[in-house]
Each structure stands twice: as C-alpha cells, then as structure tokens.
Amino acid sequence: QVQLVESGGGLVQAGGSLRLSCAASGRTFSTSAMGWFRQAPGKERELVATISSSGISTYYASSVKGRFTISRDNAKNTVYLEMSSLKPEDTAVYYCAAGRYSSVQLTTGGYNYWGQGTQVTVSS
C-alpha cells in the first residue's frame, strides 16, 4: 500500500510560481514512475507531467512544457512539481499519483495510487 500526501498549493497571481510536493509512504516509491495530474471544474483529469522511477525520463503536457518541472528525490520518497509563469488556466486541483511501472505513464490507467489533491488557484 502506498499513501501520497500533496502540499504546496495555494493562491498566486498570474506570472507567479508555486512548488508542489508529494510525500509518499511505502517501499515501492523508488521503483515507481510518478505523475502529476490536474482537474479543473467541469473538466476531465489530465496529465501534467510524469517522471520515471530513476528520474531520467520525463514527459510534460504541451500546455505546461517550458513552465513546469517535475523532479523526484528517492531518498526522501518525494516528488516535486515546480510551476512558474502560472496562468489562470492552470487553476485546478493537482493530484500526485504513483505508477504501476517504472517507466513514464501517460494515462490515468497507468497509476494505481492517488493523493487527495491540492488546490492551485491563479488569479488574473
């Protein structure tokens, strides 16, 4: 069993930055890909970024590429999402997820553990 706890969300002005953290419990963290998803009201949950278990491979949604950076610290069982140049359309609940496999996973089906989410609100 893996438990994921996100933190770092909040209210920020457009153009600002936030850093999300996701602390994981359980022995499988270092062997699992990790992902950040987001869900805005009335919209489907979408992949924001994902990172392989080793941290070597990453993938970003086109809407955030160049503005967001995913990273992980396997010694601390933590994955991060650095968000900069934030836009109002980035407003959503952000979820951390642990993958079923070590390689990057691009769909929700590739993840079997989810955090409870953290709200990010970007004002214009």
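Computed over heavy atoms, backbone and side chain alike; hydrogens, waters and symmetry mates excluded. Sequential numbering from 1 along the given sequence is applied to the chain's residues.
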Derivation and outcome, side-chain contact (heavy atoms from CB on, under 4.5 Å), residues R45 and Y95: CA-CA 9 Å; R45 191 170 298 191; Y95 297 90; 3.4 Å; yes
side-chain contact (heavy atoms from CB on, under 4.5 Å) assessment of S21 paired with K76: CA-CA 11 Å; S21 299; K76 295 182 178 179; over 6 Å; no
Step-by-step side-chain contact (heavy atoms from CB on, under 4.5 Å) determination, D90 to V120: CA-CA 8 Å; D90 294 317; V120 171; 5.5 Å; no
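Under a hydrophobic clustering in which Ile, Leu, Val, Met, Phe, Trp and Tyr are joined whenever their side-chain heavy atoms come within less than 4.5 Å, directly or via other members, V64 and Y94 fall into the same cluster. Under a hydrophobic-cluster definition in which Ile, Leu, Val, Met, Phe, Trp and Tyr are linked whenever side-chain heavy atoms come within less than 4.5 Å, directly or via other members, V48 and V93 are assigned to different clusters. Under the 4.5 Å side-chain contact rule for hydrophobic residues, L86 and F37 do not share a cluster. Follow the hydrophobic side-chain contacts under 4.5 Å out from W114 and you never reach V2; the two are in separate clusters. Cluster membership for V122 and M83, using ILVMFWY side-chain heavy atoms within less than 4.5 angstrom, is shared.
Inter-residue side-chain proximity for C96 and M34 is flagged as met; some heavy-atom pair is nearer than 4.5 Å.
What you find for S124 and P88 is that their closest heavy atoms are CB-CG, 3.8 Å. Taking each heavy atom of L81 and A49 in turn, the nearest pair found is CD1-CB, 4.2 Å. Between S103 and S52, the closest heavy-atom pair is CA-CB, 4.5 Å. The two residues C22 and L4 make their nearest non-hydrogen contact at SG-CB, 3.9 Å. Between T69 and Y60, the closest heavy-atom pair is CA-OH, 3.4 Å. Nearest heavy atom pair, residue F29 against residue V79, reads CZ-N, 4.1 Å.
A donor-acceptor contact shorter than 3.5 Å is absent between the side chain of N74 and the backbone of S54. Q3 places no side-chain N or O within donor-acceptor distance of the main-chain N or O of G26, the cut-off being under 3.5 Å. Remark: side-chain polar atoms of E46 are not paired, donor with acceptor, to backbone N or O of R38 under 3.5 angstrom. Judged by distance alone, the side chain of R72 and the main-chain N or O of G55 form no donor-acceptor pair under 3.5 Å.
Here the CG atom belonging to L20 is positioned 9.0 Å from the CD atom belonging to E82, to the nearest 0.5 angstrom.
F68 has its ring centre no less than 6.0 Å from the ring centre of W36.
Looking at Q105 and T107, their side chains never bring a donor and an acceptor atom within 3.5 Å of each other. For the 3.5 Å distance criterion, the side chains of Y113 and T28 fail to qualify, holding no donor opposite an acceptor.
Within 6.0 Å of atom CD in Q119, more than 12 heavy atoms from other residues, nucleotides or ligands are found, so the atom counts as buried in its surroundings.
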